[in-house]
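Labels below follow one simple rule: chain letters A, B, ... track the order of the sequence lines, proteins then strands, and each chain is numbered from 1. Every heavy atom of this structure was used, including side-chain atoms; hydrogens, water molecules and symmetry mates were not.
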Amino acid sequence: MMLAMGESGLRKVYPVLESLAALIAGIIGGFIVSAVLGYDPFASISLILLSGFGNIEYLLSISVPLTLSALAFIVPLRAGLFNIGVEGQAYVGALAAVYVSSLTGFPLPIILAPLAGALIGFLIGVLRVYRGVNEVVSSIMLNWTLFYTVSFTISRYLRDPVIVHQSVRVDRMLSALEALLIALAITIAVHTILYRTTLGYYIRVMGSSPEALKYSGSSESRVTLTAMSLGGVLGGLAGALQVYTVSGFIDVTMSAVFGIGFMGIAAGLIGRATAVGALPASILISALIIGGHKLELVLGAPPELADVMIGVMMLALSAPYALRLLSSKVLG
Amino acid sequence: MGWKAISRSLAALIIAALVVLGAIAFIAYRQVQAPTETVTAPGKVRVAVLFDVGGRGDLSFNDMAALGAEKAKRDLGVEVEYNTPKSLAHMVPLLEELSRGGKYDLLILVGFLWVDALNKTADKFPKQKYALIDASTGVRRDNVAEFVFKEQEGAAVVGVLAAGMAREVQRELGESGPIKVGAVAGMSIPPLWRFHIGYLFGVKYFEKKTGERVEFYWTYTGKFDDPALGYSAAWTFLGQGVKVLYGLAGLTHVGMFNAVIDWNERGGGRALAIGQDASQEWFNPKYIPLSGSKRVDVAAYKAIEMVVKGAWRGGLVVLGYAEGGVGVWDLEGVKYFAQIAYETGQLKGLTPDDIVRIVKDARGKYVKSDVEAIAKELEGLIVTGKIVFKEPASEEEYLSIIRELEKGNLNAALAKGSIG
């Protein structure tokens, strides 16, 4: 079917092919790693690749917050901005969800949490536009500030009276299907914003040439603030969904939310910074993580083996787009 | 159109390669899954140990759980598999999946982080047995055994030894005046209340038996994961002349260890530290000659034993001194943890045998025979059940027990028996 396509059709599937080739490279890389470390490479690679798909509900519920986190990274990236702050935005989103849920109940937490995230995104944008602070630096610092602020707030004000290391539970959980529908709707919305609105147009113009943006009738500061806030909305939602579909609470060590923002960066790169790529990339990463659990159980390997293999595979998968991004930044 | 042809064949190649890889992976996957179902001899008990987030290599709870399970593997002939959840978010789905699979006769859950996941899962799978270690859900279920420890009993013996060690340090320095011992604790939660009561009880027991006055210092840092806080709390106590500090604050008391080491090595004077839970002597055997034990390994072993011997019983299982659940680490235990520390490159040039030798010397030097006799006597009272400690149900009850103990009323801490 694909071979019957014309040249333009081939150009369209080319990125997909490139990602598939990267997947092959990743599988081979993972194979080599486990062989070098002394574990049956056939067994470990097959477990890590396939066993994650054994429980679709588990897979989807983990994938959905990750998808949102990937989208939160993608939108500012298309404007040439690195939103490392997704992590912190997810923290405040999760906190807002837990707090609002303790006051009212579904669906208000899911609606308000993105605003909390947006506030953080906006703040990072303001720092960049008006004080010239690089968004990467401010985000990394804010991530840790928010980590401890949220942890403190949980242990001080929102503690579960019985299980003292965690917050009160949210009022209900979303099923994997409900979460998937939300993720699909948001994906379509983000895709539409990027390709069918003036804002999306400005974002993409700024990403490819900030100079050209001036001539197209917008300003860099306005687009920066909007794109960062939009990223914050999605990051906040990622945190809220993590609580509403996966954990049900935040714990004082932040283990329930930690890492979702950083993982979203990988998912965003693997999905080649496209809205439609975010969900498949997130499902793939989630499957690898779930499958990684099995390595220890079945093969008796230390959990680090899975970590290394997943790392190699994610590196290979995100390499094509990351390299392109780097070369375009360096070469202008 | 050379470009087009090349791209097409490249595309075909990539797809073909993926299909082949997928097929290989699938076949390998089937093979990995298959033997686990056929190899298992019927009647052989299968156990999965689910670690806390962080897993092996913590030189504490997780390593101890593995120690107990490995012992059961050897002695009881069970099959044991391990799993480390990636984060708290994976605990519920992981536990559900393993319970649904029905492959394991027993799932051992290490640590309090599992409480929530267990609450959500246990009722859905009434035939699956669970053992929760060092935590309680507060709900009694027939398929859940909850192992908790009598911290007072171990801490009481540690208290006697701590006072005796502080006395020797003071003699070594040629100081007079009351003996001073202390502890750096984490948060004010029930297990720490029990430690406090036991430790103070032991100190007062020493005072009563020897007639030597002991001053007692206790502080809650409020955190289990802040070494800097532990360092400053310990430094304050050392400045006040405390000679022995008991670490009851997880990672926070690693800071206390460092303060004690600095106090000795930077010329401030002489002081000793005592570890808790796992044997922590390896951290610095010269200045940490002793560790109180909380035997997660014993709990894990007992849980497996209950299944193997068909003696399963849901509900609370309390492990005290008599059951080997708490106490003081012997040199064998010291060596075991020194070995793990050695393998993970944390011994700074020493071997596990060096650690054991140094600890043995330090114990010989600071734990005199009269003190050892007092500790043995107290141990005897506890093990034979002649004295039984109270379980404080509320913070007020705990504090009132502490107030009475400070006045020297040892019996205020006891539910049964008395100290004459």
Fill in the blank from the handout: Between the OG atom in B:S87 and the CE atom in A:M254, the distance rounded to the nearest 0.5 Å is 12.0 Å

Handout entry: CD (A:E57) with more than 12 external heavy atoms under 6.0 Å
Key = no

Exercise for the section: Tell me, yes or no, whether the heavy-atom count around B:Y342 atom OH, taken from other residues, nucleotides or ligands under 6.0 Å, exceeds 12. Expected result: no

Handout entry: Heavy-atom proximity to chain B below 4.5 Å, by part of A:I62
Key = side chain

Practice task
With a 4.5 angstrom heavy-atom cut-off, could you sort out which part of B:L10 is near chain A: side chain, backbone, both or neither?
Solution key: neither

Handout entry: Side chain to side chain, B:I15 and A:L17, heavy atoms closer than 4.5 Å
Key = yes

Handout entry: Within residues 65-73 of chain B, residues adjacent to chain A where the heavy-atom gap is under 4.5 Å
Key = none

Problem - A:F42, CZ: over 12 other non-hydrogen atoms inside 6.0 angstrom - result: no

Problem - Pairs of heavy atoms under 4.5 Å with chain B: top-ranked of A:L23, A:D160, A:D251 - result: A:D251

Exercise for the section: Work out which heavy atom in B:K86 is nearest to a heavy atom in A:I289; give both atom names and the distance. Expected result: CD-CG2, 3.8 Å

Practice task
Under 4.5 Å heavy-atom distance to chain A, tell me which part of B:M91 shows up: side chain, backbone, both or neither.
Solution key: neither

Practice task
Mark yes when over 12 heavy atoms from residues, nucleotides or ligands other than A:F53 sit less than 6.0 Å from its CZ; otherwise mark no.
Solution key: yes

Practice task
State whether the side chain of A:S255 and the backbone N or O of B:L88 hold a donor-acceptor pair below 3.5 Å, judged by distance alone.
Solution key: yes

Completion exercise
Separation between CD1 (A:I290) and CG (B:L94), nearest 0.5 Å, reads 9.5 Å

Practice task
For the pair B:R56 and A:E296, find out whether any cationic side-chain nitrogen is under 4.0 Å from an anionic carboxylate oxygen.
Solution key: no

Problem - Interchain contact, A:Q166 with chain B, by part (heavy-atom threshold 4.5 Å) - result: side chain

Problem - Audit row: B:Y29, A:L47, side chain to side chain contact (heavy atoms under 4.5 Å, CB included) steps and yes/no - result: CA-CA 6 Å; B:Y29 181 63; A:L47 277 172; 4.0 Å; yes

Completion exercise
Closest heavy-atom pair, A:I24 versus B:A17, reported as atoms and distance to 0.1 Å, is CD1-CB, 3.6 Å

Practice task
Please name the pair of heavy atoms, one in A:F249 and one in B:D116, separated by the smallest distance, quoted to 0.1 Å.
Solution key: CE2-OD2, 3.1 Å

Handout entry: Contacting moiety of B:L21, where chain A heavy atoms sit under 4.5 Å
Key = side chain

Problem - Non-hydrogen atoms of A:A256 and B:A89 that approach each other most closely - result: O-CB, 4.0 Å

Exercise for the section: Tell me, for B:I24 versus chain A, whether the close heavy atoms (under 4.5 Å) come from the side chain, the backbone, both or neither. Expected result: side chain

Practice task
Name the region of A:S61, side chain, backbone, both or neither, that has any atom closer than 4.5 Å to a heavy atom of chain B.
Solution key: neither

Practice task
Starting at CD of B:E96, measure out to OH of A:Y58 and round the result to the nearest 0.5 Å.
Solution key: 10.5 Å

Problem - Option in A:L20, A:V243, A:V246 with maximal non-hydrogen atom pairs under 4.5 Å from chain B - result: A:L20

Exercise for the section: Check the pair B:R100, A:N55 against side chain to side chain contact (heavy atoms under 4.5 Å, CB included), reporting the backbone distance first and the verdict last. Expected result: CA-CA 11 Å; B:R100 188 174 296 120; A:N55 184 344; 4.1 Å; yes

Fill in the blank from the handout: The reported gap from NZ in B:K120 to CZ in A:R169 (rounded to nearest 0.5 angstrom) is 3.5 Å

Fill in the blank from the handout: To the nearest 0.5 Å, atom CG of A:L49 lies from atom CZ of B:F26 at 13.0 Å

Exercise for the section: Could you tell me the separation between the CG atom of A:L297 and the CG atom of B:L50, rounded to the nearest 0.5 Å? Expected result: 8.0 Å

Handout entry: Contact class of A:E18 relative to chain B, heavy atoms under 4.5 angstrom
Key = neither

